[in-house]
Structures are given as structure tokens and as C-alpha cells.
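See below for the structure under consideration.
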Amino acid sequence: MQAPRVRFAPAPTGYLHVGSARSALFNWLFARRHGGAFVLRVEDTDESKKSQEFVDAIVEPLRWLGLDWDEGPYFQSQRKHLYEAAIQKLVDGGRAYYCDLSAADSQRLAAEAGLREGYHGWSRDRDVADGDGVVVRFRVPDEGSTVIEDLIRGRVEVAHDTIADFVIRRGDGSPVFFLANAVDDHDMGISHVIRGEDLLNTTPKVKLLWEALGYGPTPAYAHLPLLVNERRQKLAKRRDSVALSEFKAEGYLPEALLNALALLGWGPPDAVEIRPMEEIVSRFSLEAVNKGSAYFDLVKLKHINNAYIKALTPVQFVAAAEPWLPEHYDLAVVEALAVEVQQRISTLSEAAGWLDWLFVDEISEYDEKSWAKAMVKGRAADRVLAELAGVLETVSFDDPATLESCALGVGNRLSEELGARVMSQAPLRVAVTGRGAGIPLWEALTHLGKERTLSRVAAARSRLAG
RNA sequence: GCCCCGUUCGUCUAGCGGCCUAGGACGCCACCCUCUCAAGGUGGUAGCACGGGUUCAAAUCCCGUACGGGGUACCA
């Protein structure tokens, strides 16, 4: 294959959603796989969609994901002269014409003519003069059909009589998507158009324009299966929470998100799902992309994210998790305990929940369920804490093994004395951390220190008594 | 309504006529490990939408039906 040229061409809507990111990724994968170019183009033909803020909302997430582009961003709003020339060419050649009818007008005419709703070429022969508020429509051939050879879907044929003469220039003079699309893809030498299936229906229109403009062979088309919500509807900004920025804010790693996205609509031939992006690049092919829509399962995303988090070194982990670490954290302590936290979280935002008790003076709040289970149910809780306080007082907090054997020793001693199994770790953990579950206690206690440990045991004992 | 697309375990997928008594992953369940919770290990659960063809042979090819989705704008 000659080096392909692909493009990601989002409309600036104020944010980037995962469906768009998936389209960008598949374009990027294809370009990287075949040594081609990945072009970024902002489709802002609609005047209301222009602003730096909107552009940042596209560019920033792409950078975060690491989907680097080779050209652009190009802006359609800055290329108006090209579209105007193309429109003029179509009008001059009789392939397009002016129309001054409103939607209400064409509805009325359709009713009068006893035709189905819609535009039926009313202005084709009316010789309307150009002017303010006048649109340009493309004259769709009455006969025949347009065929798309889609790389993913195969042959798709659409009869011309099902396509109405569509608008290619708005009343305010701005070009419409179909037109700008054809002009830009041609001008930028795009060889493969890879995008969501929701655009499949627009492809015949673009192709018709392409041919009318004398552009020669069209790019190859590949329409990706849609990403859908749990009700299997296309992901939409309004009803689905899918902004890329939210994934970032919740502590997903970009590499994990990309890996997960690559698995939607495509699967590696060897079934190894979690792997470095370069391995995905080298195995990717458009022909292997499937046709059915895919639900983006957050549970699986979390699994993948956890795998990537576990793969980080402690230093990398602390750097990545920094925004979510507890207040007043101690870098050395977090690094020392990082491995234990990493295997327990599926998003970075969960990190603080496992560490916060290490960086406060005292436990202000106990998890009541854990307290009830460890402190009340086992009647020996106060005895355990009392014994523990006595023993821990006398030992060094440098070695986790020492603390463990002290605690287990207390448990064993009391088990014998009371004739029932007495667990020492549970009450100690609740006393010291406020919770019933957490990272391994003994090493953590070496960092908490003797003083704070003992004062928390004392606090728990007085709470027990009171 | 009309046009277009799709349909393999709950979910994401492998499968592109015989290797399929349908493989993997997530989830779920059980067991192992473990004086917490995880992680890890082992095993299990669950699926070719339906009906006709074609063929010696169909999850794989064809037709139809059902269901789902997308589009039908002076959004992209």
C-alpha cells in the first residue's frame, strides 16, 4: 500500500467524547500501521461553532491521549474561498442551482402536488437569482444509484431517487458539511476516510459532489461500528456521560483508555487484549474491524485501567496519582506503600481512600459497620487492644515483622486464655485506620509510627468504654 | 413513512464451509493462597435471533422474518 493519508475531522462542539476519540484512534492506528499521515481538521463550517475554547476542547484531549497528528489542525472556517470556488463551479456547470424556498414552502408544494414530505427539486428550473438568504442546492441525478465499496461493510448502494436535492451552501453564504468534506478530502489528498457508521448515509452525497467536481477516484471508505449506551443507542452528549475530560478527571490512564477503545470493534488475532500500543499498531487492520455496534463497558475499562496502574513503578505511580493523593501526604511513605495501593484501585482517584489515615493526626470518623463487627461482636476487643497497647509500647516500629508477631502473639495468647479464637488484626485495624479493610497493616504502621498508633488504640479503647 | 446498516455467552470479542461437543477477555460463582481488603492461581457459569434454502458438510454462503440501530436539516 502507498503511504495512506487519513484524517480526523470533528466538529467543534465544546468537548470530545469517547466515540470521537475511538474514531480518532482507529484513524491514527491505520496511519501508524502503514506509515501514513494522520491529519487533524476542524469542521467548523457553522459560524456558531468557532472559538478558541472549542478548539482546545478537541486538541487538549487528543494530546492527553497521545494521538499525535502529522498535519493540522486545519480549519474549514479559514478555507471558505475553496468552497466558494467549488460551489461556483457546480452552479456554472449546471450541477447545482439557487433556491429561495423555505422549508414551509417546500412542504406546501409537496402537499399540493400530492407528494411525500420533503424537497422535490422545486427550484430546479425557476432560474432564481442569487442573493441574501438564497441557498445553493445540488442537482441529484434522477436516475441511477451511487455505490460505496466500504472496507468494513462491503458494497452499499443508494438509489438517487431516495436522495433529495440537498443544500450545499446556506442562506448566509457558508458551505455545508458535504461540500466542504469533498473539497477538503480532495485538496488534502485523503486516501482513506475512516469514521462512524452514522456518517454512512452522507457518503453517497459526498461522492456525488466529488464526481461532479471532477475529482477522479474517491478515497476508500471505512465506516466503523457505533459506540452505544446500555440501551444500544448511539452515544450522545446529552444523555450519556462520555466526555473524555471526565475519564481524565476520574483517574483513568490515557494508555489504558486507548487500549480499551481499541478493543471495541476490533480484536487482536492472538487474543491478547492488554498490551502496549505499538503491538496494537502492528496488528491492526481495517478488514478485521467488525460491523456490530459496541457497548463501552466501564467495568472492563476499570479492569484494564487497574492492569496499567499495577504496571507502573512506584515513582511513576506517585507522579500519575499526584492530583488525587491525600492532603499533606509524605512522598516517601506513599512511594513505599505504592505497590499495595496500585493493586487495589481501578482509577487513580481511589488512591486517597487507601492512604488518607496515614496523614492525619487522629481518626475522626470510624466506619460504623466495621466498628460493630470488630469491636462489639468479638467481646474480647478491649482485651486485645489493652494487651496490644502494652506490647507495642515496648517494641521498635522499624520492622513490620516485629509488629506482626506481636499482634498475632496477643491473639494466640488470648485465644488460649478465653478458649475461643481471638483475632487481633481486625480491632487494631479499625482502631488505627477507622476502617475494616485496607492495605497490609504492619508495614503501614511502621510509617504511622509508635506514637500515633498507640494514641489511636487508646482513643478506640475509650470509645469502646464510652 | 422512506432509505441505509447491523444481529456469536449479561458485556467486549475469536471464528471468514469441515480443525466448533463455538475459543479468549470482563463480570459472576466456587476453591486455593491469606488473621483485612485486594492482587494472583485453578475450575465453573453462560452464546451462534428465527425460518427457509445451497452443500456430503453452515456460526460461517443465499433469501425471508423478527428485533435493534443510524439517517432522512440552511448539524456534522
Find every protein N or O atom lying less than 3.5 Å from an N or O atom of nucleotides 45-47 of chain B, and list the pairs.
none

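- For B:rA30, the paired base is B:rU42 (Watson-Crick or G-U wobble, both distances below 3.5 Å).
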Open item on the list: With salt bridge (Lys or Arg N to Asp or Glu O under 4.0 Å) as the criterion, how do A:Arg7 and A:Asp184 come out once you've worked through the C-alpha distance, each side chain's angles and the decisive distance to 0.1 Å?
Closed with: CA-CA 10 Å; A:Arg7 60 9 178 233; A:Asp184 284 340; over 6 Å; no
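- Between the P atom of B:rG27 and the CZ atom of A:Phe296 lies a distance of 15 Å, rounded to the nearest Å.
- Contact check, A:Arg137 against B:rC74: a side-chain N or O comes under 4.0 Å of OP1 or OP2.
- Not a single donor-acceptor pair under 3.5 Å links the side chain of A:Arg95 to the backbone N or O of A:Leu213.
- The separation of B:rC56 from B:rU72, taken at their P atoms, amounts to 47 Å, rounded to a whole angstrom.
- Base contact: A:Gly438 has a heavy atom under 4.0 Å from a base atom.
- Within the 4.0 angstrom heavy-atom criterion, only backbone atoms of the sugar-phosphate kind lie near A:Ala288; the bases stay farther away.
- Applying a 4.0 Å cut-off to non-hydrogen atoms, none of the residues of residues 411-420 of chain A approaches RNA chain B.
- Nucleotides B:rA49 and B:rG6 have their P atoms positioned 14 Å apart, rounded to a whole Å.
- Base pairing of B:rC2 is made with B:rG71, judged by Watson-Crick or G-U wobble geometry with both donor-acceptor distances under 3.5 Å.
- Note on A:Glu404: nothing from the nucleic acid sits closer than 4.0 angstrom, heavy atoms only.
- Residue contacts for A:Leu263: at a heavy-atom cut-off of 4.0 Å it reaches the sugar-phosphate backbone alone, with no base atom in range.
- Distances were taken from every side-chain heavy atom of A:Leu199 (C-beta onward) to each of B:rU11, B:rC37, B:rA76; the shortest belongs to B:rA76.
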Write down the protein N/O and nucleotide N/O pairs, taken from nucleotides 39-43 of chain B, whose separation is under 3.5 Å; answer none if there are no such pairs.
unit_1	atom_1	unit_2	atom_2	d
B:rA39	O3'	A:Lys310	NZ	2.8
B:rG40	OP1	A:Lys310	NZ	3.1

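- The shortest distance between side-chain heavy atoms of A:Leu101 and A:Arg126 falls below 4.5 Å.
- Taking the P atom of each, B:rA22 and B:rC16 are spaced 16 Å apart, rounded to whole Å.
- Outside the 6.0 Å centre-distance limit, the rings of A:Tyr308 and A:Tyr252 are not counted as a close aromatic pair.
- In this structure, B:rU65 forms a base pair with B:rA49, meeting either the Watson-Crick or the G-U wobble geometry with both donor-acceptor distances under 3.5 Å.
- Relative to the ring axis of A:Phe26, A:Arg22 places its NZ or CZ within 45° and under 6.0 Å from the centre.
- Taking CD1 of A:Ile280 as the start and CG of A:Leu263 as the end, the distance is 7.0 Å to the nearest 0.5 Å.
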What donor-acceptor contacts under 3.5 angstrom involve side-chain atoms of residues 146-156 of chain A, with partners at least two apart or in another chain?
unit_1	atom_1	unit_2	atom_2	d
A:Asp150	OD1	A:Ile152	N	2.8
A:Asp150	OD1	A:Arg153	N	2.8
A:Asp150	OD1	A:His223	N	3.3
A:Asp150	OD2	A:His223	N	3.1
A:Asp150	OD2	A:His223	ND1	2.7
A:Arg153	NE	A:His223	O	3.1
A:Arg153	NH2	A:His223	O	2.9
A:Arg155	NH2	A:Glu157	OE1	3.2

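- Taking every heavy atom of both residues into account, A:Pro175 and A:Ile87 meet most closely at CB-CD1, 4.4 Å.
- Nucleotides B:rG71 and B:rC19 are separated by 40 Å at their P atoms, to the nearest Å.
- Summarising the geometry, the separation between NZ on A:Lys291 and P on B:rA14 is reported as 11 Å, rounded to the nearest angstrom.
- Spacing of P atoms, B:rG68 relative to B:rA25, comes out at 33 Å, to the nearest Å.
- Across all strands shown, A:Pro440 has heavy atoms under 4.0 Å from base atoms, whether or not it also approaches the sugar-phosphate.
- Note on A:Tyr295: only backbone sugar-phosphate atoms sit closer than 4.0 angstrom, heavy atoms only; bases stay farther off.
- Applying the salt bridge (charged side-chain N to carboxylate O under 4.0 Å, His left out) test to residues at least two apart or on different chains, the pairs with a partner in residues 340-349 of chain A are A:Glu340-A:Arg344.
- In this structure, the nucleotide among B:rU36, B:rC5, B:rC26 sitting nearest to the side chain of A:Arg429 is B:rU36.
- Base pairing annotation: B:rC56 forms a Watson-Crick or G-U wobble pair with B:rG18, both donor-acceptor distances under 3.5 Å.
- Under the 3.5 Å distance criterion, the side-chain polar atoms of A:Asn305 are left unmatched by any main-chain donor or acceptor of A:Lys302.
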Task: Step-by-step salt bridge (Lys or Arg N to Asp or Glu O under 4.0 Å) determination, A:Asp187 to A:Arg41 - done: CA-CA 12 Å; A:Asp187 189 57; A:Arg41 182 170 86 214; over 6 Å; no
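- Taking atom C1' in both B:rU55 and B:rC63, one finds a spacing of 16 Å when rounded to whole Å.
- Across all strands shown, A:Ser102 has no heavy atoms under 4.0 Å from either base or sugar-phosphate atoms.
- The side chain of A:Asp198 approaches B:rG71 more closely than any other nucleotide in the set B:rU36, B:rG71, B:rC4.
- Residue contacts shown for A:Asn290 are limited to sugar-phosphate atoms, with no base heavy atom under 4.0 Å away.
- Rounded to whole Å, the separation between the P atoms of B:rG64 and B:rU42 comes to 48 Å.
- There is a side-chain donor-acceptor pair under 3.5 Å between A:Gln52 and A:Asp56.
- Inspection of the A:Asn412 and A:Ser415 side chains reveals no N or O donor paired with an N or O acceptor under 3.5 Å.
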- [ ] Take A:Leu392 and A:Leu445 through the test side chain to side chain contact (heavy atoms under 4.5 Å, CB included) and record every step on the way to the result.
- [x] CA-CA 11 Å; A:Leu392 292 176; A:Leu445 289 185; 5.6 Å; no
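- In this structure, B:rU11 forms a base pair with B:rA25, meeting either the Watson-Crick or the G-U wobble geometry with both donor-acceptor distances under 3.5 Å.
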Open item on the list: Please encode protein proximity along nucleotides 62-69 of chain B as a string of B, S and -, counting only heavy-atom distances under 4.0 Å.
Closed with: -------S
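- Counting only N and O atoms by type, the side chains of A:Glu279 and A:Ser282 include no donor and acceptor under 3.5 Å apart.
- Between A:Leu264 and A:Ser424, the residue anchored closer to the 5' end of RNA chain B is A:Leu264, taking for each the nucleotide with the nearest heavy atom.
- Remark on RNA chain B: of its neighbouring residues A:Val410 and A:Gly118, the 5'-side contact belongs to A:Val410, judged by nearest-heavy-atom nucleotide.
- Nucleic acid contact class of A:Ala294 (heavy atoms, under 4.0 Å, all strands): sugar-phosphate only.
- Across every strand in view, B:rU36 sits unpaired, with no contact that passes the Watson-Crick or G-U test at under 3.5 angstrom.
- A cation-pi arrangement is present between A:Arg463 and A:Trp371, with the terminal nitrogen or guanidinium carbon under 6.0 Å from the aromatic centre and inside a 45° cone about the axis.
- With hydrogens and angles left out, the side-chain atoms of A:Ser424 and A:Arg413 include no donor and acceptor closer than 3.5 Å.
- In this structure, A:Val135 reaches the bases: a heavy-atom distance under 4.0 Å links it to at least one base atom across the strands shown.
- B:rG17 and B:rG53 are spaced 23 Å apart, taking the P atom of each and rounding to whole Å.
- Remark: C1' of B:rU72 and CZ of A:Phe178 are 10 Å apart, rounded to the nearest angstrom.
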